[in-house]
K.L.:
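Would you mind keeping the following structure in view while I ask a few things?
The chains referred to below are lettered A, B, ... by the order of the sequence lines, with proteins before strands, and numbering in each begins at 1.
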Amino acid sequence: MKTILYILQKEFRQIFREKAMLVIILVIPMVQLLILSFTATFEIKNTNISILDHDHSVESRNLINKFSGSPFFTISSFYDSYDKGVEALKSGKTHQLLIIQPHFEKDLQRDGKGKVMIITDAINGSAASIMSAYAHSILFDFNKQILIEHYPNLSLSDPIQITVSNWYNPRLNYITYMVPGILVLLVTIIGMFLSGMNVVKEKELGTIEQINVTPIKKYQFIIGKLLPFWIIAMFEFSFGLFLARFVFGVPMLGSLALQLGTVSVYLVVVLSFGLFVSTITETMQQAMFISWFFMVIFILMSGLFTPVESMPDWAQTVNKLNPISYFIQINRMIMLKGSVFSDFTRQFYSLVVYAVLMLSLSVWRYRKVA
Amino acid sequence: MSNGAVILQNISKSYKTVKALTEINVSIAKGELFGFIGPDGAGKTTLFRILTTLLNPDSGTATVEGFDTVKNYKSIRNIAGYMPGRFSLYQDLTVEENLSFFASIYNTTIEENYHLIADIYKHIEPFKHRKAGKLSGGMKQKLALSCALIHKPEVLFLDEPTTGVDAVSRMEFWEMLKKLRSQGITILVSTPYMDEAALCDRVALMQNGHVMTIDTPNAIINAFPVKIYAVRSNRMFHLLNDLQSIPETEAVYRFGDVVHYLSHSKTFDPLSITRHLDSLSHTEITVNQSVPTIEDSFMLYMRKSDKFNISQHDN
């Protein structure tokens, strides 16, 4: 027990001695949290739409006014030829093209049918579908208006009344959704990289040689290596929660103790993952690349940005091995839904199993004798 | 021999295709200052890593104070002190922090064993708040030795402790080793410097993973079979080739700023060297008989083992 304390003392000395490292550990994640939370958003607030009005009539102007009146659209320019419109789409000056056919008003009044076309830049599929949906809803409104104008006696009440109410995030605030996830990400990076790099650094500098000839036991060494970063990551998570609550105003409905309890288990998973990487590599460069490889996959599949449920089946199966995915779920559930332990037992025990497995694996792999 | 402090029996170790050690047999007595002498790549570090339980041999057994390096490695880690060839202390910790860390993981304190390291540590104590990475080579070496000694080891393994250290610090270091030996600590030291061999009680000359001979430095020198002539002339550049052409030549090699000439003929007349060189228009020729050194012995053993290897290939 005393030996572990001595190793801890040594580790903390080394960590706090390196001022640059201290900044990296403490300041950078907070800056990331602040920046990412405000910018990593899928909300589409401003779509540039260009208009090709071949009709130039009262009705076509009414339709255009509908678009310009929407806070969602900004009319970037008007074109007189289709080619120029496509050119603007190509060069990215505009995201959508609204094309109003010649005789739009005449057709509408004579046949009761007018034609418009909407072309959307769909490079970003999810953004495109949102833009199309907005355009649709404006056109739908416009349709309704025409019907009312032309057939004032027509009853337009829908047979089924739909009332939508958004639970847990009633104002569909993207920050509320993202902050708990990004918080998980940051402690993951700290945990996975620092623990792994630390051991590989000792390998690279040769200091591990001097440690290996001492009577230090495996478990003492590993605890001595994991605990400092566990403490740092716990501190960081708590500080991140503080920012989430008081800077971003993210609700914290669940129990704080429960949240800290689960993060403490989760950190064991991440730290031992980093440690495992360090036992199979020889240099910091190798460890860095392997950690990044897993990090990027874990993050992109974690459900941070896109819901896990919409991934293909095989990906969802693979995701059972993704610790980040479990913890983002848990963290969002506790913070936003006020979930209690029984709501996420499956995810929690998965993490426990993961922690035990990774820790045993890295203890087994770490050898003092070559 | 079973009461030796360190015993190696038929130790072999290969790295993939390279044979690092072949059938090493050495027995080192308690309290001995024993040197492994050989050039880079002779297998010295591999041998030390096996003895300090960092590496398992492919075959053979080794014991340190009666403990097997494979089965009882835990016991060895309590009684062995190891100073790796490369500086392996924490460069970002201070001198004192390094020392107290290594003391504490052996469950001891600097105060408790201060007497052991006092002679060495007092040189660096004025700099005890300096980071280890900022020390000079000689001071780093003293700190490393202090750290290896702080737990009062019974056997001390020093892997090339004097490589990259200036001549004055090297001599100081050997003085320290002699003092340590007088305290009863068995010391194994490896070095590529032949002149340091004379400072050991016994040495093993190593080359290409083989131990060529083991004996006291004096015995090795006394066993030198032939006379050595140190030759100089005005054309040192051609001297080596020109001497080779004498029919009775056994070996010719550079030795410092002279060339050493060995003949295999028992009745060799050194005047024939002068005559031969004279005929090849050398001037300012000097030929002196020279006292053999460990380096001469080493060259001779190396030639023998080379010849042995060549004849094996021929078969």
Side-chain angles (χ1 to χ4, degrees), chain A residues 1-25 194 197-225 227-229 279 282-284 363-370, chain B residues 13 15 20 45-46 48-57 64 69-94 96-109 131-133 143-144 147-148 150-151 153 155-157 159:
Chain A
M1 190 57 218
K2 256 169 115 186
T3 311
I4 295 178
L5 284 179
Y6 290 126
I7 302 175
L8 285 180
Q9 185 193 32
K10 183 212 106 190
E11 293 298 332
F12 272 117
R13 261 187 190 147
Q14 288 182 299
I15 295 166
F16 288 116
R17 187 146 298 169
E18 212 176 322
K19 292 283 177 293
M21 200 61 199
L22 214 57
V23 172
I24 290 172
I25 293 175
L194 290 186
M197 287 309 134
N198 190 280
V199 178
V200 183
K201 188 178 167 194
E202 293 227 10
K203 270 193 193 177
E204 230 178 68
L205 292 178
T207 49
I208 205 159
E209 194 95 314
Q210 196 82 62
I211 292 291
N212 284 350
V213 294
T214 67
I216 288 182
K217 297 194 175 56
K218 252 190 193 186
Y219 79 90
Q220 294 171 329
F221 180 78
I222 284 172
I223 291 175
K225 283 292 174 196
L227 205 50
F229 298 111
T279 60
E282 289 303 319
T283 64
M284 293 210 251
V363 173
W364 171 73
R365 269 293 313 181
Y366 168 68
R367 269 165 215 187
K368 287 173 79 171
V369 181
Chain B
K13 176 78 190 176
Y15 299 110
T45 298
T46 304
F48 274 53
R49 286 172 58 86
I50 288 172
L51 289 173
T52 49
T53 74
L54 292 173
L55 199 64
N56 287 339
V64 175
T69 54
V70 180
K71 287 181 222 131
N72 309 113
Y73 68 94
K74 281 184 181 157
S75 311
I76 293 180
R77 284 175 186 170
N78 279 309
I79 56 156
Y82 176 42
M83 185 176 151
R86 187 173 151 206
F87 184 69
S88 301
L89 300 176
Y90 295 100
Q91 315 236 8
D92 48 351
L93 293 183
T94 66
E96 196 179 28
E97 283 165 349
N98 265 301
L99 193 59
S100 69
F101 173 67
F102 282 99
S104 61
I105 56 180
Y106 282 101
N107 274 320
T108 180
T109 57
K131 282 183 192 165
L143 176 59
C147 287
I150 194 65
H151 61 288
V155 185
L156 195 56
F157 296 93
D159 190 9

K.L.:
Please report the shortest heavy-atom distance between A/P215 and B/N78, naming the atom on each side.
P.N.:
CG-OD1, 2.9 Å
K.L.:
Who in residues 4-12 of chain A is close to chain B, using a strict under-4.5 Å heavy-atom cut-off?
P.N.:
A/Y6, A/I7, A/K10
K.L.:
Decide yes or no for A/I211 and B/F101: does some side-chain heavy atom of the first lie under 4.5 Å from some side-chain heavy atom of the second?
P.N.:
yes
K.L.:
For A/E209 and B/F87, indicate whether the former's side chain and the latter's backbone hold a donor-acceptor pair under 3.5 Å.
P.N.:
no
K.L.:
Output yes when a side-chain donor or acceptor of A/R13 lies under 3.5 Å from a complementary backbone atom of B/D92, and no otherwise.
P.N.:
no
K.L.:
Output the distance between atom CG (A/L205) and atom CZ (B/R86), rounded to the nearest 0.5 Å.
P.N.:
6.5 Å
K.L.:
Once rounded to the nearest 0.5 Å, what's the spacing between atom CG of B/L54 and atom CD of A/Q210?
P.N.:
9.5 Å
K.L.:
In terms of heavy-atom contacts, does NZ of A/K201 have more than 12 from other residues, nucleotides or ligands at under 6.0 Å?
P.N.:
no
K.L.:
So, for A/Q14 and B/L93, which heavy atoms are closest and what is the spacing to 0.1 Å?
P.N.:
CG-CD2, 3.7 Å
K.L.:
B/E97, B/M83, B/K74: which one forms the most heavy-atom pairs within less than 4.5 Å of chain A?
P.N.:
B/E97
K.L.:
For A/V213 and B/Y82, which heavy atoms make the closest approach, and how far apart are they?
P.N.:
CG1-CD2, 3.5 Å
K.L.:
Could you look at B/T69 and say if it's the side chain, the backbone, both or neither that has a heavy atom under 4.5 Å from chain A?
P.N.:
neither
K.L.:
Please check this pair: side chain of B/R77 against backbone of A/N212, looking for a donor-acceptor N/O pair closer than 3.5 Å.
P.N.:
yes
K.L.:
Go through the atoms of A/Q220 and report whether side chain, backbone, both or neither lie under 4.5 Å from a heavy atom of chain B.
P.N.:
neither
K.L.:
Name the member of B/N107, B/L89, B/N98, B/V70 that forms the most heavy-atom pairs with chain A at distances under 4.5 Å.
P.N.:
B/L89
K.L.:
Pick one of side chain, backbone, both or neither for B/Y90, based on which atoms fall under 4.5 Å of a heavy atom in chain A.
P.N.:
both
